[in-house]
*Asks:* 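Quick one: the structure is below, and I'll ask about it shortly.
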Amino acid sequence: MGHGANAGRRFAPKGEPQITGFNRIGLWSLYIKEIRRFLKVQTQTVWAPAVTTLLFLVIFTVALGRSGREVLGYDFGTFVAPGLIMMGMMQNAFANSSFSLLAGKLQGTIIDLLMPPLSEAELMIAIVGAAMTRAVMVGAAVAFAMWLYPDVHLHAAHPWAIVWFGLMGAAMLSIFGLLASIWAEKFDHNAAITNFIVAPLSLLSGTFYVISNLAPLFQTISRANPFFYMISGFRYGFLGVSDIGNDNAHVVGAAIGVGVLNLVLGYVTYRVLKSGWKIKS
C-alpha cells in the first residue's frame, strides 16, 4: 500500500504544467511551421504581391508621365516606391497572421495550436514572427522589382528608419491580423477587415501623395492614421525627407510613437488570447 502511494506521488496533479520557463523549441517549431505554410505557395504569397504592387507603380507613372512630375523634390516614381514597398509589407503581414487561427477554428484543427505546451505569449510570438518574416520577404521582392524599374532610384538615406519603420509596420499589421483572426468566425469577416479597414487605411495614408496637398480637415484625419507614420517614416529612410514634420525630431518622435502603439496593441492582443475569447469557448 505504501509502495503504491509513493509511486502515485511521482505524478504531478492534473493540469499542472511540467514544461516551465520559456519553451524555445516549441516556439521555434510553430514559427517554422508557419513559414513553411506560406512558402509552399510562395508564388501566391510572396511573388504575386510583388507583381501587384509593381503594377501600381507602372499605372501611376505611365498615367502621370515619365518625367516632369516631382514630389518632395524627387521624381514621382522614386517618391512613391518606398510607400508601395511598405504597403505591400503591411498588407501581407495582416494576410498571414489573420489566417492561422481562423483556419484552425473553421477546420477544427485549432486544437493542434492549443494543446502543445505553449504559453499564449509563445503562440503569439511565433505567429506574429512568421507574419513579419513574410512581410520582409515581400518587401525585399517588391524593392528588387522597383530597383529594376526605370526612373526609380532607391538608396538608403537613413537605414535606421528603413529597418525600424519597416519592422514596426509589419509588426502592427501582424498583431492586428492575429487579433482579427481571434474575432472572426468565417473568412468573410477577415475579408471585410481587409477590404474596409486595412486597404483604405494603407491607400489613404500618403502612399501616392503628400498630405500637405489635402484640406486641413483631411490632413488632421491623415495624422490620426497610424499607417501614415509607417509609410512616411519608411519613405524618410530612403529619401531623407518626409511629410511627418519639418525636421528629424518629428520623425524620431513618430518612431517612438509607433513603437509604443505596437506595445499597447500587442498587450491587448495577448490579454484577449489569454482569455480564450472565441477560441476556447
Side-chain angles (χ1 to χ4, degrees), residues 30-53 56 82-103 123-145 161-184 187 189-205 207 225-235 237 255 258-259 261-270 272-273:
L30 179 57
Y31 171 77
I32 292 298
K33 170 193 170 290
E34 289 291 302
I35 296 288
R36 286 175 175 168
R37 179 177 63 76
F38 75 75
L39 282 182
K40 275 187 176 179
V41 285
Q42 60 179 283
T43 305
Q44 174 190 341
T45 55
V46 177
W47 300 108
V51 173
T52 304
T53 309
F56 275 111
L84 287 173
I85 296 170
M86 187 75 253
M87 187 177 77
M89 289 175 66
M90 292 195 297
Q91 290 182 348
N92 283 276
F94 178 86
N96 204 79
S97 64
S98 64
F99 180 83
S100 298
L101 289 184
L102 179 58
L123 182 69
M124 182 175 165
I125 290 169
I127 292 175
V128 169
M132 290 177 67
T133 303
R134 175 175 165 184
V136 171
M137 288 182 177
V138 169
V142 175
F144 177 71
I162 295 173
V163 173
W164 179 256
F165 284 101
L167 291 178
M168 287 300 100
M172 182 178 76
L173 269 293
S174 299
I175 297 168
F176 183 55
L178 179 58
L179 189 60
S181 71
I182 295 171
W183 165 80
F187 285 118
H189 291 165
N190 252 5
I193 294 177
T194 302
N195 295 328
F196 297 115
I197 298 179
V198 176
L201 286 179
S202 58
L203 289 169
L204 299 175
S205 57
T207 304
N225 177 5
F227 287 55
F228 161 72
Y229 297 98
M230 301 298 185
I231 287 174
S232 293
F234 191 72
R235 180 183 291 126
V258 296
L261 174 64
N262 274 342
L263 287 175
V264 172
L265 186 61
Y267 179 74
V268 169
T269 305
Y270 169 74
V272 172
L273 195 59

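Just so you know, these numbers use all the heavy atoms, side chains as well, and skip hydrogens, waters and symmetry mates.
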*Asks:* Return each pair, listed once, that meets side chain to side chain donor-acceptor pair (under 3.5 Å) where at least one residue sits in residues 191-200; pairs must be two or more places apart or across chains.
*Replies:*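 Sorted result for residues 191-200: empty, none.
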*Asks:* Looking only at non-hydrogen atoms, find the nearest pair between A135 and M89 and report the distance.
*Replies:* O-CG, 3.2 Å
*Asks:* Indicate the atoms forming the closest heavy-atom contact of A199 with S202, along with that distance.
*Replies:*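 Nearest pair, atom of A199 first, then S202: O-OG, 2.9 Å.
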*Asks:* What I'd like to find out is whether the side chain of R134 reaches to under 4.5 Å of the side chain of V138, using heavy atoms alone.
*Replies:*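 They are in side-chain contact.
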*Asks:* Under 4.5 Å between any side-chain heavy atoms of L173 and F227, yes or no?
*Replies:* yes
*Asks:* What's the separation between atom CD1 in I182 and atom CE in M124, rounded to the nearest 0.5 Å?
*Replies:*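 I182 CD1 to M124 CE: 8.0 Å, rounded to 0.5 Å.
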*Asks:* Measuring only between side-chain heavy atoms, which start at C-beta, is L39 closer than 4.5 Å to R36?
*Replies:*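 Counting from C-beta outward, L39 and R36 never come under 4.5 Å.
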*Asks:* Can you confirm whether W183 is buried at CH2, in the sense that more than 12 heavy atoms of other residues, nucleotides or ligands lie under 6.0 Å from that atom?
*Replies:* yes
*Asks:* Excluding sequence neighbours, so at least two apart, what forms side-chain hydrogen bond (donor to acceptor under 3.5 Å, both in side chains) with E34?
*Replies:* R37, S100
*Asks:* Which of parallel (below 30°), tilted (30 to 60°) and perpendicular (above 60°) describes F187 and F99?
*Replies:* parallel
*Asks:* If you measure from CG on N225 to CE on M230, what distance do you get to the nearest 0.5 Å?
*Replies:*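 Going from CG on N225 over to CE on M230, the span is 10.0 Å.
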*Asks:* Got a second to check how far L84's CG is from F234's CZ, nearest 0.5 Å?
*Replies:* 11.0 Å
*Asks:* Supply the atom-to-atom distance N92 CG to T53 OG1, rounded to the nearest 0.5 angstrom.
*Replies:*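 Reported value, rounded in 0.5 Å steps: 7.0 Å.
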*Asks:* Decide yes or no for Y267 and L263: does some side-chain heavy atom of the first lie under 4.5 Å from some side-chain heavy atom of the second?
*Replies:*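 No; the side chains remain at least 4.5 Å from each other.
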*Asks:* If you compare all heavy atoms of L102 against all heavy atoms of A184, which two are closest, and at what distance to 0.1 Å?
*Replies:*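 Closest pair (atom of L102, atom of A184, distance): CD1-O, 3.6 Å.
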*Asks:* Find the distance between CD1 (I85) and CZ (R235) and round it off to the nearest 0.5 Å.
*Replies:*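 Here the interatomic distance stands at 10.5 Å.
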*Asks:* Run the side-chain hydrogen bond (donor to acceptor under 3.5 Å, both in side chains) test against S181 and tell me which residues pass, sequence neighbours left out.
*Replies:* none
*Asks:* So K40 and T45, do their side chains get closer than 4.5 Å, heavy atoms only?
*Replies:* no
*Asks:* Has N96 got a side-chain atom pairing as donor or acceptor with F38's backbone, closer than 3.5 angstrom?
*Replies:* no
*Asks:* Side chains of L261 and M168: does their closest heavy-atom pair fall under 4.5 Å?
*Replies:* no
*Asks:* So which atom in W164 and which in G259 form the shortest heavy-atom distance, rounded to 0.1 Å?
*Replies:*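 Here W164 and G259 meet closest at CZ2-CA, 4.1 Å.
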*Asks:* Hey, does I193 have a side-chain heavy atom less than 4.5 Å from the side chain of F176?
*Replies:*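 Yes, side chains in contact.
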*Asks:* Hey, could you give me the CD1/CD1 distance between I127 and I175, rounded to the nearest 0.5 Å?
*Replies:*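 Atom-to-atom, I127:CD1 and I175:CD1 are 12.0 Å apart.
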*Asks:* Please check: side-chain N/O of S232 versus main-chain N/O of Y229, any donor-acceptor pairing under 3.5 Å?
*Replies:*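 Not confirmed, S232 side chain does not pair with Y229 backbone.
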*Asks:* Using the side-chain contact (heavy atoms from CB on, under 4.5 Å) rule, take L273 and L101 through it: C-alpha gap first, then chi angles, then the decisive distance, then the call.
*Replies:* CA-CA 11 Å; L273 195 59; L101 289 184; 4.1 Å; yes
*Asks:* Please find the pair of heavy atoms, one from A50 and one from V142, that lie closest to each other, and give the distance.
*Replies:*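 Heavy-atom minimum between the residues: CA-CG2, 3.6 Å.
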*Asks:* Can you find a pair of side-chain heavy atoms, one from L201 and one from I197, that are under 4.5 Å apart?
*Replies:*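 Result yes, sub-4.5 Å side-chain heavy-atom pair found.
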*Asks:* How close do A93 and A170 get, counting heavy atoms only, and between which atoms?
*Replies:*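 Smallest interatomic distance, heavy atoms only, reads CB-O, 3.5 Å.
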